[in-house]
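Everything quoted here is computed from the prediction, not taken from an experiment.
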Amino acid sequence: MSAMRIRTAFILGAGMGTRLRPLTLETPKPLLPVGGRPLITFAMDHCLTVGVERFIVNTHHCPAAYDREFPERSWRGWPVLFRHEEVLLDTAGGIKNIEDLLAQDETLLVYNGDVLSDLPLSRLLAAHAAGGKEATLALRSDGPLLNVVLDADGAVCDLRGLLGNPGVRRCLFTGIYALEKSFLRRLTTRKVESVVPVFAGMIREAPGSVGGVVIDEGSWEDIGDPEAYARICAEGPKLRYETGGRAPEGSAPAASLPPAAGSAGGAGNAGLLAAPYGAPSGGTADLPFPVRSNFLGAENGSGGAAVSDPAADTAAAFVRTSLGLPAGAEIDLCPVGRGGSDRDYCRVAASGRDSLILMRYGRLREENHYYAAIAGFLREIGVRVPAIFAHDPQRGLVLMEDLGDEDLFALRAAPWEVRRGLYEKTLALAARLHQFPPGRFPAGSVRLMPGFGPELYRWERDYFREQCVRGVCRLRLAEGEEEALEAELAGLAGRLGETKPELVHRDLQSQNVMIVGDEPVLIDFQGMRRGSLFYDLGSLLSDPYVELREEERTTLLRHYFDVSRPPYGWGEFGELFLLASAQRLMQALGAYGFLGLKKGKTHFLAHIPRALERLRDVAGRAGRLPRLHDLARRCLAVAVGSSPTPPTFCA
């Protein structure tokens, strides 16, 4: 085995935290606050001390809570990828569930998300490299549960007494271990199982095949019960990593930190991702690990990413290989687009070839990995999307069909009869997606994000209140008003939750419907999931980017009703459309505020007045959202300038 190099840490975050109830009823245990920050971030900081460059966290209980804590899907600038488990898979099942995210010969550092420790991880990695085994466990001599047994040679010979080997020494298993990807071949996809019996089986087959190293230096504590948690909260974590740097106190996810000194309103990530609370703006506060300032590249004025020379060389080489071109063939990459995603697009020009689009995606959002597979599925069922010519999941590169530059948004001023035909064709594509039989979905080859449910709906409305109401409009609700609004919005989500879950696009708005030869082609479908079909209808027909007259909107809604023949009467159908439109508009307003203020993409702020106007109207017409209607009205008053100190809404 070569010198140890671990790029990825898998942090177990999917447990139910039953021993810490009621604290964990609505919060995953790894997100409980310790020292002013989520518990799991101490594990992340510990992993960074040995050069980890990305984190994968499995989720199950309250998955939307992770979205709230890590809205940028990063920690100190290093990407955090979440993999949801609809069924809790336990440790081995969770590890197998991320197999597709790992390189062929990758070594993985696994870390329980409810552990506080500063033991020297370098000793674990050195022992793993020297031992040449598929698994090496970090052990301690003392602790509450000494259930790992070592033989006279110091090899692991039993775990939890499963093999009946008495050995000569008993140790505590820290829940921190190194694995080779080859270990995953021992696991079964979607099987619920722990790593412990798998390790025991390896030892039964080949004694000495599971490595272990006793590391008594540093501290280790499992936050396993309310008493331990209360004590840690009272005393505060006292961690000192092996490099000599103390664990930063009160550090927060990057999205909640102030802009770095000298930055323009928070534009870009330099500095913002590095500074812990209390540190000078833009400083690293002597962190004992590297901090990454921007995962995708420095942003340029268009909102895209300026491709550095090495990245451009890699992209060009990928294009040449995909097209069968010689190594010296000239490739021109021209950045296109100015959206809000963490995906970059270039138009590819190669001599003698039609233009193509190259998409480069980061690992900050799990849904990006699903783009190519979902595209193939949609094309198979007759929903037109761009053709995918090549995909490199390790480098995050996709080469696809160039659809041109015309979309529904670009045609917003075209005559109604032109727009009507295009919208009706788009609604037909949506109906085909919504009506796809659940039993025929290829779940084994196409992954989806977790479906709409109470947690996701709650995240969207919290996003709206935090980023738009409080962030942009600077409104604070009176005592009792917040609780009454929350009850009303929870009722809205509950009503949508009663509708049948269908496949939905999730972001079906005018800029995600390209027009090619008078036919609509859908893009940005990587967030496809199961949910209410009315969410897609609200996204398209209550789109803040486009002005539809009420009679035009009703005509299109009636068209979908007639072609899809849903199990609702027209009155109930219209009511659900208004409710879903309100939900979708809250999500959009939260995004506009976040992208405009936190990401420096100020052109999104220009859409806020129209979106608030639309939200006010649909909430008023819905008849059951009086508090949301009033809040939208008050926010709109600020947005159009009636407030004494209105924010600026122009780019």
Side-chain angles (χ1 to χ4, degrees), residues 383 408 423-424 426-438 448-461 463-464 488-510 512-513 520 522 524-525 527-546 548 550 552-591 611 614-625 628-629 632:
V383 176
L408 274 181
Y423 270 95
E424 288 180 348
T426 303
L427 289 168
L429 294 180
R432 181 167 295 180
L433 174 64
H434 299 159
Q435 295 173 348
F436 187 79
L448 299 178
M449 294 296 289
F452 275 96
E455 285 291 328
L456 182 52
Y457 285 130
R458 179 172 180 172
W459 181 87
E460 289 188 342
R461 62 184 184 262
Y463 195 38
F464 162 64
E488 180 176 285
L489 298 182
L492 183 163
R495 182 70 180 96
L496 293 179
E498 294 171 357
T499 63
K500 181 183 176 183
E502 315 282 5
L503 288 176
V504 296
H505 182 287
R506 183 24 187 341
D507 195 17
L508 189 64
Q509 42 93 353
S510 58
N512 287 337
V513 182
L522 306 187
D524 273 17
F525 40 75
M528 187 176 81
R529 66 195 69 206
R530 298 200 180 277
S532 174
L533 63 87
F534 294 97
Y535 194 94
D536 274 355
L537 297 180
S539 300
L540 184 65
L541 302 183
S542 294
D543 179 5
Y545 294 141
V546 173
L548 287 174
E550 195 54 45
E552 294 171 348
R553 185 177 293 108
T554 301
T555 295
L556 295 173
L557 190 64
R558 186 79 203 199
H559 174 79
Y560 180 93
F561 180 83
D562 291 339
V563 300
S564 65
R565 289 183 272 184
Y568 311 98
W570 173 245
E572 184 181 14
F573 189 84
E575 175 205 7
L576 289 166
F577 167 72
L578 292 173
L579 293 176
S581 294
Q583 180 72 36
R584 165 63 181 185
L585 285 163
M586 286 192 288
Q587 186 278 333
L589 283 160
R614 194 70 43 79
L615 179 60
R616 178 201 61 188
D617 292 346
V618 299
R621 291 177 56 211
R624 56 194 294 171
L625 302 172
L628 180 60
H629 174 264

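- In this structure, Arg584 contributes its side chain and Arg506 its backbone to a donor-acceptor pair below 3.5 Å.
- Note: Leu615 CG to Leu628 CG = 4.5 Å, rounded to the nearest 0.5 Å.
- Closest approach of Leu427 and Leu556 over heavy atoms only: CD1-O, 3.4 Å.
- Leu503 is listed as a side-chain neighbour of Leu448, based on a closest heavy-atom distance under 4.5 Å.
- What you find for Leu625 and Ala582 is that their closest heavy atoms are CD1-CB, 3.9 Å.
- Annotation: side chain of Thr426 is in contact with side chain of Leu408 (closest heavy-atom distance under 4.5 Å).
- The aromatic rings of Phe534 and Tyr568 lie perpendicular to each other, with more than 60° between the two planes, well past the 30° mark.
- Distance check: Gln587 CD to Leu456 CG gives 8.5 Å after rounding to the nearest 0.5 Å.
- Here the NE2 atom belonging to His505 is positioned 15.0 Å from the CG atom belonging to Leu533, to the nearest 0.5 angstrom.
- Looking at Asn512, its side chain does come within 3.5 Å of a backbone N or O of Asp507 through a donor-acceptor pair.
- A heavy-atom distance below 4.5 Å is found between the side chains of Leu541 and Phe577.
- Between atom OH of residue Tyr535 and atom OG of residue Ser539 there is a gap of 5.5 Å, rounded to the nearest 0.5 Å.
- Of all heavy-atom pairs spanning Leu508 and Ala430, the tightest one is CD2-CB, 4.0 Å.
- Scanning all heavy atoms of the two residues, the minimum distance from Pro544 to Leu585 falls at CG-CD2, 3.6 Å.
- Using a cutoff of 4.0 Å between basic side-chain nitrogens and carboxylate oxygens, Glu502 and Arg529 are not scored as salt-bridged.
- Using a 4.5 Å cut-off on side-chain heavy atoms (C-beta onward), Phe573 and Leu537 make contact.
- To the nearest 0.5 Å, atoms CG (Leu578) and CD (Glu575) are separated by 8.0 Å.
- The number of heavy atoms from other shown groups lying within 6.0 Å of CZ (Arg530) is above 12.
- In plain terms, the two heavy atoms of Ser532 and Tyr457 that are nearest each other are CB-OH, 4.1 Å.
- Taken to the nearest 0.5 Å, the NE2 atom of His629 stands 7.0 Å off from the CG atom of Asp617.
- Contact annotation: the side chain of Val513 never approaches that of Tyr423 to less than 4.5 Å [non-hydrogen atoms, C-beta and beyond].
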Practice prompt. Let me see the working for Arg553 and Asp543 under salt bridge (Lys or Arg N to Asp or Glu O under 4.0 Å), right down to the final yes or no.
Written response: CA-CA 11 Å; Arg553 185 177 293 108; Asp543 179 5; over 6 Å; no
Item to complete: Carefully, step by step, assess Phe525 and Val504 under the rule side chain to side chain contact (heavy atoms under 4.5 Å, CB included).
Response: CA-CA 9 Å; Phe525 40 75; Val504 296; over 6 Å; no
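- Considering only heavy atoms from C-beta on, Met586 comes within 4.5 Å of Arg461 through its side chain.
- Considering all non-hydrogen atoms of both residues, Val618 and Ser581 come closest at CG1-CB, 4.2 Å.
- Side-chain atoms of Glu460 and Gln583 include a donor-acceptor pair closer than 3.5 Å.
- The shortest side-chain heavy-atom distance between Ser564 and His434 does not fall under the 4.5 Å cut-off.
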